[in-house]
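Report on one structure; see the data block that follows.
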Amino acid sequence: MQYDPTNIERKWQDEWRKRHAYRVENDPARPKYYVLDMFPYPSGAGLHVGHPLGYIASDIVARYKRHNGFNVLHPMGYDSFGLPAEQYAIQTGQHPAKTTEINLARYREQLDRIGFSFDWSREVRTSDPSFYRWTQWIFLQLFDSWYDATADKARPISELIARFEQQGCTGQDANVLTGDVERFVGGFSAAEWTAFDERTKQMVLQHFRLAYLSDAWVNWCPALGTVLANDEVKDGVSERGGHPVERKRMKQWSLRITAYAQRLLDGLDGLDWSESIKEAQRNWIGRSEGATVRFPIGEDFIEVFTTRPDTLFGVSFITLAPEHVLVPKFTTPDRKAEVDAYVNSAKNRSERERQAEVDKVSGVFTGSYARHPFTGAEVPVWVGDYVLAGYGTGAVMAVPGGDQRDWRFAKHFGLPIIAVTEGADIDKEADERKDATICSEGFLKGMKVPQAITRAIQELEKLGAGEGRINFRLRDAAFGRQRYWGEPIPIYYQDGIPYPLPERELPLKLPEVDKFLPTEDGEPPLARAANWSYNGHPLETTTMPGWAGSSWYFLRYMDPHNAERFASPEAIQYWQQVDLYVGGSEHATGHLLYFRFWTKFLFDRGWITFDEPAKKLVNQGMIQGVSQVIHCLGFSMISTTCADDNSPTIPLRAAPVVLVPKDVRNRAVHYALTDDDLEVLGTLEKTVTDAVRAKFPGHRGRLFSEVGERGAIVYSRNIDIQLVDGSGVLNVALLKSSNKEFEDVMLWENGPYVCDPVVEKMSKSKFNVVNPDDIIAKYGADTLRLYEMFLGPLEQSKPWDTNGIEGTFRFLRKFWNLFHGAGDAFGVSDDAPTKPELKVLHATLKKVTEDIEKMSFNTSVAQFMIAVNELGSLKCNKRAVLEPMVIALAPFAPHIAEELWEKLGHSSSITTAPWPQWSAEHLVEDSFSYPISFNGKTRLQLEFPIALDAKSVEEQVLANPEVQARLEGKAPKKVIVVPKRIVNIVV
RNA sequence: GCCCGGGUGGUGAAAUGGUAGACACGAGGGACUUAAAAUCCCUUGGUCCGUAAGGGCUGUGCGGGUUCGAGUCCCGCCCCGGGCACCA
């Protein structure tokens, strides 16, 4: 009987569905294991072969853990709110819920065909009101919380109010209570607090809430019409779509993730995550230790942050960010015009312009002078855009002798440069060494940098001019999106003050709107909804960002249908953290950070019992596509200069395109066409002209080509990989019929045209997508699963190459054939297995068991291949060998395993079979062939009984005539015996 | 610039400091077949010697070091991938 994956897989997928084979219940009697995949955003393009890579890996672990007696939670769902569905809705007018529904059905169909063991009864969708009701609820908890830096945890806002009522709030408190300290400098007494009106109270509280509304500098993306979080902006353009992003000051919902900066940093140490992800998060959080220093200026002062207080005696000026609130105040009247002009031009520049002009120095003097806290010297105050408003205090003390950026600014404007360290050549550049000795005059002179830092901070604190401080690069996360397709923020406004919607009003469902666009006066789409209000009070019109739902979804899987809570305490208590989380590393500073943040927050407020979401994280690599590129020579124009004025003007595209090999393309681009090239071109030109005339009979013009020194139009284009065979040869006829641009395409030279392969991200727009459905139709899901795992280490990115898949398919067929006799009938023998057969079996069990634990799946697949080849040559069809082999293969190739398991006479599913244990006794060999090295080189191969200890091996080796012949009677200096490895004789 | 990874045949890749290249693809050769497909077998890092059986040398980005022995450990470079970045 032939191995027929199509029927076997259909049969078992139906069977699993009917039996609810992977449904899981909370079962406190059994140990749990939680394997989670990052749920997909269901895009319109469907799955390509790269998507299931991580899901296959996690499915193998889930199935393996089940065989080992664990109660495994292995769910799947959809991150179904997001920008693409909304963009599509804007273009087509279709409701995003509808397109999402269609995409989702397609995803499900594709996923089902791969044979995953997901418990679909626990499916979640972030866009489902029964889910986002709890996302909104968590938002309300954030709104209802403040961060107590003393207790180092979030607490209910009512406790803060109680505290204000009792003791008010002092300037000291401003540092204790993690709030928006910069904007909340003043304190108040208990009596003052009580006397505040409702509005003032609420305004004060905004400075402490973990979800708060404030005027903030945000990343505004005009093309997308929304605000973006920092991790959604890369190189000054939006991560999605690549649209320019500007800085804009807006009233904006934010989450106070900065309160958790230190804990997010510390928590990394205990996690079994890859070093690169942890490092990315550490960079993103960006902790730096230093000090704040206050420079008095009149009655006021300028506060700066520095990591190098040891260089204080080298300060020669102060620079404020253009957006700094004190700039207008410190600008002297005579400088006002110039400063205003500078500040305005700085504001109007986009982020990208600003980043592009990093090496341009610009700035302006305010006219004011501050006083140095140690020396009392006058320090000029400048404005410069190399200082960022959002970091530290938005002001720096400039030490040109110790900081290259200050140095360049000083050089440019001719400001004094003071040497701060010994051995520095300050005429050339600043000395940024952190092991130098301080040489500037003052009490720090002669000290090493670290020592001087400590001393300087002590001195600052003594004078009350500053204090030690830790700063983080991490910013609060912009949480509102001026978009339709997201969770509505459950807030209403009374007298312009935000109030939480009562819990009983949740979910606050997305309203129907006529269009998914902003209103005419620039309000978000929700403002279009009729009656978007609560008890007559207007509701918030922005929605939550894409990462809201994914920040807590792992908890919902534990108890997905609970209508009373996001998950019951029992379910949370049982399932706890995710044991294994699998997903892409591109979420390092986005999702994975918010995921940890929300978990810590829910822990603080007592809703869950752990403060990290996932113990172990594995990042699968990206499977890249191999694009096929053709190189085209386009003719620049058709001359219409001919006698007949009525001749048609033929557009550029009417001239046929000529496909050229890559080297000709390069020659043409670099203007080095040979005489031969030009000759070919001349002939082509004539042919092309004829072709154009044939097409436009009335036309008598001539093709006008410009090539070589005069500039050819040469370009490359990705073409659909379907048009190319396995060795890269283009099917020209198919190309002609598939694309109008190439309907008249001609070749530079006769013979097959070989495309130029380029490895890049797999994407629909690059025509390099490989659909898993096609692979499954040809080879079956089991082959796909095995092949994806065999391709290489899970964490590595690699290009997809369908050519290699034959090998894994052959393996499965050979495996199948072991169970089927010569007449193709199923038949296994009940005879006792032989020693070599048992050795193959146990070696495989050992390797596969160890490899799954290490998530090294490519090597376990290789082991299976070795085993099946060896068992094949041993003609082994023994039940005692094949049955454990089937179980071991089941996590990788569940369909064929299930089928063979049934044929072996089992009535229950293979998932219930206990994992076969290997035992060392079967791996012991009778003898071992030792390589004998002399001085680590020349080798002899000798056979010795394996049971011998090192000493006896040594004796036998030396007694061996061949060895003695090599030694020529001399005694060896040393003999090294590594049992089962090698014998090395040092002569 | 700073911080993480990584560099092994034609390709994807294996290798607790112990016979480098397992396994697979591709390629070459052979068997079966009228033929093709499918299947099976052999060879396959480079190089040299030998009619052959077989053997020698060399080889894991480059240069050093530790060691009886280094792809693996240490030092110094080069290159590739990723993260952060006028972050004070």
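Lettering of chains follows the sequences in order, A, B, ..., and the numbering in each one begins at 1.
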In whole angstrom, give me the gap between the [atom1] atoms of [N] and [M].
N      : M      : atom1 : answer
G5(B)  : C75(B) : P     : 13 Å
C4(B)  : C57(B) : P     : 42 Å
C49(B) : G30(B) : P     : 26 Å
G26(B) : G81(B) : P     : 29 Å
G64(B) : A27(B) : C1'   : 39 Å
C77(B) : C23(B) : P     : 40 Å
G9(B)  : G28(B) : C1'   : 16 Å
C86(B) : G82(B) : C1'   : 22 Å

salt_bridge(Glu467(A), Arg469(A)) N-O dist < 4.0 Å: no
Between the side chains of Asp269(A) and Arg282(A), is the shortest nitrogen-to-carboxylate-oxygen separation below 4.0 Å, so that they form an ion pair?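 Judged by the 4.0 Å cut-off on N to carboxylate O distance, Arg282(A) and Asp269(A) do form a salt bridge.
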Ring centers of Phe928(A), Phe944(A) separated by less than 6.0 Å: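 Not close enough - the centres of the two rings lie 6.0 Å or further apart.
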Classify [X] by what it touches in the nucleic acid, base, sugar-phosphate, or nothing, heavy-atom distance under 4.0 Å.
X         : answer
Asn984(A) : base
Arg282(A) : nothing
Ser929(A) : base
Ile976(A) : base
Lys360(A) : base
Asp406(A) : nothing
Leu791(A) : sugar-phosphate
Asn471(A) : nothing
Gln796(A) : sugar-phosphate

Taking the nucleotide of RNA chain B with the nearest heavy atom to each, does Trp284(A) or Val387(A) sit closer to the 5' end? Trp284(A)
Any strand: nucleotide that pairs with A27(B) via Watson-Crick or wobble, under 3.5 Å: U43(B)
Establish, with yes or no, whether the OP1 or OP2 oxygen of A88(B) is under 4.0 angstrom from a side-chain nitrogen or oxygen of Tyr391(A).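 Checking A88(B) against Tyr391(A), a side-chain N or O does come within under 4.0 Å of OP1 or OP2.
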Ring-plane angle category for Phe892(A) and Phe857(A), please: parallel below 30°, perpendicular beyond 60°, tilted otherwise. perpendicular
Verify the neighbour count for atom NZ of Lys798(A): are there more than 12 heavy atoms of other residues, nucleotides or ligands below 6.0 Å? yes
Syn within 90° of 0, anti beyond: G9(B) is syn
